[in-house]
2 protein chains.
Amino acid sequence: MYTIGQASLRSGVAVSLIRAWERRYGILRPARTPSGYRLYDDDAIARLRAMRGLIERGWSARQAAAAVLAQETTPRPRAIDAPEGGSTLIHATARYDPAAVEGALDDLFGRGSFEAVIDDLVLPAAVMLGEAWADGQIDVAAEHLASNAISRRLSALFDQGGLPGSGPRVLVGLPPDSRHELGALAFAVALRRLGVDVLYLGADVPVESWADAATESAAQAAVVGVVTARDVSPAMDVATALRAGRPDLVLAFGGGSAAGLSEIGEVTVLPIRVVEAAEVLRGRLR
Amino acid sequence: MYTIGQASLRSGVAVSLIRAWERRYGILRPARTPSGYRLYDDDAIARLRAMRGLIERGWSARQAAAAVLAQETTPRPRAIDAPEGGSTLIHATARYDPAAVEGALDDLFGRGSFEAVIDDLVLPAAVMLGEAWADGQIDVAAEHLASNAISRRLSALFDQGGLPGSGPRVLVGLPPDSRHELGALAFAVALRRLGVDVLYLGADVPVESWADAATESAAQAAVVGVVTARDVSPAMDVATALRAGRPDLVLAFGGGSAAGLSEIGEVTVLPIRVVEAAEVLRGRLR
DNA sequence: GCGTTCGTGTCAAGGGTTTGTACAATGTGG
DNA sequence: CCACATTGTACAAACCCTTGACACGAACGC
């Protein structure tokens with residue numbers, strides 16, 4: 001929970017303007033301390049950023065406020081391009097326009113809580129980015145630009161997601177040579193927000209390192225991301241190594257290509273949607 | 001058990017402030033010697049560090065105290081070493097103890113502003129991590145754990161560092177096949193805090209993508225990271241491609257292996273320290 | 001074309017709160 | 001003895017509150 005000054009720093013909206021927006025449009029209804037100080041959560045910050053992004057793209061304040069308040073069907077009065085999901089992001093990315101990229105992400109993340117937007121808006125937009133790259137619509141560098149921006153958002157959410165050192169401990173990472181970590185990171189965030197003490201290992205973790213981490217960390221579970229078909233075989237290797245070193249470990253696969261992996265005994269295959277995946281894994285623990 | 005002076009040293013919280021926190025928020029209830037001296041255990045130190053970390057990340061003291069108090073006294077691992085630079089981080093990393101890793105990073109980042117700590121504390125600690133991995137002291141997975149944590153901190157600083165869309169535009173990234181992006185990210189943060197509109201491309205950017213980004217983004221400058229000796233040749237390729245496509249571009253190399261690269265005409269070789277490097281590049285712009 | 005209204009961002013005044021730090025006077029421990 | 005503790009009070013800077021107003025541009029009515 002942040003005071004209004006911190007909220008201003010994080011959203012880029014001036015303090016007096018935050019208060020004005022609250023007074024005039026009721027866009028926020030922050031909690032209050034006993035002495036009357038406003039307290040903003042991350043959700044509120046996201047809304048502020050979304051509102052700012054819309055205004056910078058030419059919306060009037062009133063319309064932007066209405067759009068942010070009605071987090072469903074955003075009206076499109078006289079906007080040049082209707083913000084509908086990832087296409088705005090793709091355009092901004094293709095133009096190498098960092099302000100527009102941030103604005104598009106503000107819009108995506110600002111439409112609701114992490115859980116509300118990650119599976120239906122953010123990750124689909126990331127997938128669209130990958131497809132746009134594959135189609136030659138955007139260059140690798142542009143794709144990097146946007147992926148890094150999304151990654152930074154998820155990183156911030158990870159660090160804000162819970163206090164380390166509490167809850168059951170779980171390893172999350174990708175098998176060797178696998179590098180598309182956006183999904184794994186999103187899953188780690190979702191898991192952390194459920195009170196799990198996530199050890200996020202990230203991309204490209206060698207098989208022996210998985211085993212070492214599992215034994216040394218005393219984790220209760222390990223989740224291996226299987227993003228592409230090429231990750232299937234390395235993920236199997238990781239699973240067998242983990243089984244050998246830590247037979248008691250709760251083992252799970254997540255990601256788009258995890259479906260064909262259930263052969264190895266007692267490995268949970270998680271749903272593709274990261275929020276559900278996190279809930280399923282959380283249920284296996286304790 | 002430590003006296004209040006020792007607790008102050010180990011937590012980085014001033015003596016008088018520890019007492020103030022106890023009085024105002026009841027955050028600690030230290031044992032007492034018969035004569036009334038306060039006695040703190042490792043759990044208390046950890047709470048102090050957690051509180052300090054939250055405050056440094058923008059929470060108000062009262063909110064931070066509430067958060068720390070709300071955290072149930074989950075079984076806390078072992079002792080927390082005296083804070084002396086990267087070795088604490090290495091130990092925490094080797095133990096796969098995420099709370100201790102965060103505590104060590106709280107300590108590193110908490111000793112001053114970004115500019116004050118990045119070159120003398122944070123990046124040296126990252127280098128020590130790499131060396132510890134090379135020496136076999138820690139596993140790859142452990143190194144990933146800590147690197148990702150540092151990367152998340154830097155990401156947050158990047159997003160907080162300035163408003164996108166203002167100031168001169170600069171590309172920052174690594175050449176093909178180069179993946180150690182901590183230094184480049186730190187440099188990007190330093191640059192952004194100087195009011196530069198940084199397009200952070202991240203690791204492993206192909207040569208043609210550099211050229212595409214340079215032409216499409218209308219950037220004023222491009223900074224290519226040269227981390228290891230193996231990056232030298234790819235970085236040269238990037239430089240020649242950029243020169244060909246955008247002769248007017250301000251071109252610079254940064255990183256530990258950038259020294260031998262000044263041959264190509266009019267390429268600035270930046271200092272190793274990222275703060276100075278950012279200032280030098282800033283001076284070349286406009 | 002011109003005055004008026006409206007929407008919007010910004011600011012000041014006057015007053016309370018938070019928070020880190022400092023000081024005095026005094027006791028403890030090696 | 002001296003460094004370090006103790007409690008209690010005090011304080012200044014920074015922060016936040018509300019109310020009300022003001023400036024400026026865009027839209028509107030005449």
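In what follows, chains carry the letters A, B, and so on, assigned in the order in which the sequence lines appear, proteins first and then strands, with residues in each chain numbered from 1.
Nucleic acid contact class of B:Thr3 (heavy atoms, under 4.0 Å, all strands): sugar-phosphate only. Among the atoms of the strands shown, only primed sugar atoms or phosphate atoms (P, OP1, OP2) are found under 4.0 Å from some heavy atom of B:Ser60. Note on B:Arg62: only backbone sugar-phosphate atoms sit closer than 4.0 angstrom, heavy atoms only; bases stay farther off.
Closest to the A:Ala61 side chain, of the nucleotides D:dA5, C:dG9, C:dT19, is C:dG9. Among the nucleotides D:dT7, C:dT19, C:dT10, the one closest to the side chain of B:Arg32 is D:dT7. Considering only the side chain of A:Leu17, C:dT10 comes nearest among C:dG20, C:dT28, C:dT10.
Atom pair A:Glu22:CD and D:dT19:P shows a separation of 12 Å (rounding to whole Å applied). Rounded to whole angstrom, the span from the CH2 atom of A:Trp21 across to the C1' atom of C:dG7 amounts to 14 Å. Taking atom CG of residue A:Leu48 and atom P of nucleotide C:dG9, one finds them 12 Å apart after rounding to whole Å. Between the OH atom of A:Tyr25 and the C1' atom of C:dC6 there is a distance of 11 Å, rounded to whole Å. Rounded to a whole Å, the CD1 atom of A:Ile18 is 17 Å from the P atom of C:dT8. The nearest whole Å value for the distance from the CD atom in A:Gln63 to the P atom in C:dT8 is 8 Å. One can place OH of B:Tyr40 at 13 Å from C1' of D:dC4, the figure rounded to the nearest angstrom. Atoms CD1 (B:Ile55) and P (C:dT18) sit 14 Å apart, rounded to a whole Å.
Counting non-hydrogen atoms of neighbouring residues, nucleotides and ligands closer than 6.0 angstrom, the CD1 atom of B:Ile272 reaches no more than 12 such neighbours. The number of heavy-atom neighbours closer than 6.0 Å to CZ of A:Arg29, taken from other residues, nucleotides and ligands shown, is 12 or below.
Taking the charged nitrogens against the carboxylate oxygens, A:Arg152 and A:Glu102 do have a contact shorter than 4.0 Å, which makes a salt bridge.
Within 3.5 Å, no donor on the side chain of B:Arg19 pairs with an acceptor on the base of C:dG20, nor the reverse. Contact annotation: side chain of B:Arg23 to base of D:dG8, donor-acceptor pair absent below 3.5 Å. Side-chain atoms of A:Tyr37 and base atoms of C:dG16 include a donor and an acceptor less than 3.5 Å apart.
Annotation: cation-pi geometry satisfied between A:Arg10 and A:Tyr2 (NZ/CZ under 6.0 angstrom from ring centroid, within 45° of ring axis).
If you check the side chains of B:Gln63 and B:Ser60, you find no donor sitting under 3.5 Å from an acceptor.
Using a 4.0 Å cut-off, some side-chain N or O of B:Ser35 falls inside it from OP1 or OP2 of C:dG29.
Residue-to-nucleotide proximity on DNA chain D shows that, of A:Gln6 and B:Arg38, the 5′-proximal contact is made by B:Arg38.
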